[in-house]
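Okay, so here's the structure we're looking at.
Values in this document were obtained by computation on a predicted structure and should not be read as measured data. First the proteins, then the strands, lettered A, B, ... as listed; each starts at 1.
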Amino acid sequence: MEFFIQQVVAGLTSGAIYACVALGLVMIFVSTDHINFAQGEMAMFATYIAWALIDAGVPYWIAFGSTILIAFVGGLLIQRFILKPLENAPVLALVVCFIALLSIFNAMAGMIWSYTIKPFPSPFPALDLTGHGLVNVRQLGVVGVTLIMLGILTVFFRYTTLGLAMRAAAQNASSARLMGVRVSWMLALGWGLAAAIGATAGMLVAPLVFLDPNMMTGILVYGFAAALVGGIANPAGAVLGGFIVGVLENLVGSYVIGNELKLTFALAMVVGVLLFKPAGLFGRVIVKRV
Amino acid sequence: MAADATSWATKSGFGKMAILFWAILAALPLIGYVRDDPSFDYYMFMGQSMLIYGTAVLGLNLLIGFNGQISLGHSAFFAVGAYTTAILMNFAGMPYWATIPIAAVVCFGAGFLFGLPALKLEGHYLALATFTLAIAVPQLLKYKAIAGWTGGVGGLLLEKPDPPFNLPLSPDQYLYYLCLFVSMLMFWFVYNLLRGRSGRAMMAIRDHPMAAGTMGIDTALYKTVTFGISAAITGVAGALSAITIAYVAPDSFTLQLAVSFLVGLVVGGIASLPGCILGGVFIVLVQNSAQSISDWMKVSFSLRYDVPAWAIYGVLLLLLMYFLPSGLMGGLIALKERLFGAKGPDSTDDPAPQASRND
């Protein structure tokens with residue numbers, strides 16, 4: 001039983017990270033209707049920036065904040081300069097473009113910071129809370145940061161004018177434009193937010209898995225699974241999906257298939273959700289008008 | 001929209017130009033008899049790789065370019081082909097040539113099965129599912145329960161075949177001809193497929209699935225079968241690569257391989273058959289010269305860092321999407337038309353197909 005609870009708690013911790021990645025994906029999907037394959041590599045690159053700042057002697061939380069800011073501006077610039085010319089391009093062109101970004105970020109991180117793995121500090125001590133090694137502060141911290149982020153995003157989208165404008169731009173671009181919303185900038189803002197969320201996810205992951213240019217590849221797949229389970233257009237659903245995927249992954253990993261097939265499990269989940277419940281658990285079914 | 005793609009396939013498939021092109025490819029190994037170059041066998045090996053990648057890109061192109069289904073996971077079918085050959089040679093003692101058709105059948109099955117769920121997925125979602133497949137494959141190949149067959153992390157070592165009938169060829173020259181023969185067979189097959197009724201149906205599904213369905217095309221069947229054939233062709237390429245490299249290992253079938261197929265496709269030209277070979281040539285050239293390109297860039301732009309092949313792929317993909325979305329073949333044809341004037345009314349159309357629409 002204790003082992004079971006331990007696995008569930010560990011699952012919740014990794015679930016929080018998947019939730020972060022999924023939130024970034026949802027953000028871009030909600031604001032632009034695209035699935036960003038470069039989300040993981042963008043997060044990884046931002047984490048390297050944080051590492052470089054910390055390595056240069058910047059205190060952790062200042063590095064944390066400035067990395068999020070840098071990532072936000074970076075995401076904005078990517079949308080403005082790289083994706084804007086392709087706004088009306090067919091899906092294939094966009095997928096190719098995302099794959100290109102993925103390759104470039106991966107290569108740049110390897111080029112600048114080399115492929116050797118690096119330890120990344122965690123702001124939360126690995127302090128045991130229950131005395132049985134069940135729950136520690138670090139795990140609570142990761143879950144807490146995710147929930148805080150979800151809270152901020154919910155408030156932003158529900159109660160601010162800018163959030164409303166972003167939702168309007170995504171749902172009906174031409175009407176929003178007629179109401180005076182600068183639609184193209186809203187897309188850019190969506191990218192900025194997604195990059196900032198991704199950066200947070202990256203900084204939460206890095207202490208657990210060590211920093212290296214390929215650290216996000218597997219996690220991105222789980223992020224996809226989480227976003228799909230929760231409904232790819234629903235932020236709260238994505239967070240819940242992240243926790244579900246994290247716990248399931250850990251339980252299935254330790255009781256059924258072992259750790260070596262975890263990615264295959266993610267694949268099965270992605271394909272399974274897309275097949276049997278494409279709208280996810282909490283998403284709305286979108287009816288296509290012909 | 002459909003007319004130009006058909007004309008593209010037929011015009012640049014197996015006309016006089018194509019026969020000349022394949023004849024030149026077939027004559028290349030003969031240079032080895034004239035010039036005494038110690039690294040000639042290595043050039044032959046590069047030629048094999050180019051043909052293999054070209055064939056793999058052909059499979060991908062059939063799916064993406066002519067049927068509008070996006071796959072980022074064709075490295076998986078390449079792997080299935082390679083492992084089928086390796087396992088059959090190693091454990092069943094089959095001769096290498098007999099494993100190629102079996103690899104094709106196995107990959108057709110795998111592709112058909114993956115094509116079934118793919119039916120429900122379009123555009124981004126299909127890309128997502130296949131992307132996941134590409135990432136999961138190396139881990140699956142390393143799985144302990146099947147390590148007895150796949151060799152686990154270490155992979156399987158094969159025997160490099162010798163030329164049969166005491167032909168006066170070096171092993172690498174012979175393997176080049178083997179690759180040339182098989183890839184020519186694949187191109188011929190795809191060319192005929194596209195020229196006929198099934199090809200038109202595939203392209204109709206790409207251009208307007210609903211209209212195609214209304215015209216009586218069984219879109220579900222065509223899409224799954226196209227997925228299967230595409231996987232089979234890429235799988236044959238995988239089988240050839242196992243034979244020529246004489247080694248298979250899980251870590252050669254990563255997402256990077258799938259991305260390099262995509263690069264080959266985009267560079268050569270979407271929905272262009274000759275473009276596939278150009279793409280294959282390009283992939284091998286970049287892989288082989290990544291180091292020298294990196295050195296050159298370091299010197300000429302006074303960079304402090306090495307430039308890996310991934311970066312070159314990425315930048316190139318972006319540039320092509322902006323400036324030459326129809327790839328090298330599209331560029332060449334546009335150039336020819338500018339120099340010599342357009343030939344017919346349909347040759348001025350944009351050859352790049354719309355993979356799917358955003359409505």
Worksheet item: In terms of heavy-atom contacts, does NZ of A:Lys118 have more than 12 from other residues, nucleotides or ligands at under 6.0 Å?
Response: yes
Worksheet item: What closest approach, in Å, do B:Leu318 and A:Cys97 show between heavy atoms, and which atom pair accounts for it?
Response: CD2-SG, 3.4 Å
Worksheet, complete the sentence: Correct closest heavy-atom pair for A:Ala100 and B:Gly314 would be CB-O, 3.3 Å
Practice prompt. Please report the C-alpha distance between B:Val259 and A:Ser103 in whole Å, then the side-chain angles of each, then the deciding distance to 0.1 Å, and finally whether the side chain to side chain contact (heavy atoms under 4.5 Å, CB included) criterion is met.
Written response: CA-CA 9 Å; B:Val259 171; A:Ser103 320; 4.1 Å; yes
Discussion item. Can a donor-acceptor pair be found, under 3.5 Å and without considering hydrogens, that links the side chain of B:Tyr322 to the backbone of A:Ile82?
Written reply: yes
Worksheet item: CD of B:Gln69 to CG of A:Leu92: how many Å apart, nearest 0.5 Å?
Response: 12.5 Å
Practice prompt. Can you tell which part of B:Leu72 gets under 4.5 Å to a heavy atom of chain A, answering side chain, backbone, both or neither?
Written response: side chain
Worksheet item: Is it the side chain or the backbone of B:Val266 that comes within 4.5 Å of chain A heavy atoms, both, or neither?
Response: side chain
Discussion item. Among B:Ala127, B:Ala129, B:Pro138, which residue has the highest count of heavy-atom pairs closer than 4.5 Å to chain A?
Written reply: B:Ala127
Practice prompt. Kindly compute the distance separating CG (A:Asn214) from CD (B:Gln256), expressed to the nearest 0.5 Å.
Written response: 9.0 Å
Discussion item. So if I apply the side-chain contact (heavy atoms from CB on, under 4.5 Å) rule between B:Ile135 and each of A:Leu267, A:Thr264, A:Leu263, which one comes out positive?
Written reply: A:Leu263
Worksheet, complete the sentence: Under 4.5 Å to a heavy atom of chain A? For B:Leu128 that would be both
Worksheet item: How are the rings of B:Phe131 and A:Phe224 set relative to one another: parallel (under 30°), tilted (30 to 60°) or perpendicular (over 60°)?
Response: perpendicular
Discussion item. What verdict does the side chain to side chain contact (heavy atoms under 4.5 Å, CB included) test give for B:Leu320 and A:Val96, after you've listed the backbone C-alpha separation in whole Å, the side-chain angles of each residue and the deciding distance to 0.1 Å?
Written reply: CA-CA 10 Å; B:Leu320 279 168; A:Val96 169; over 6 Å; no
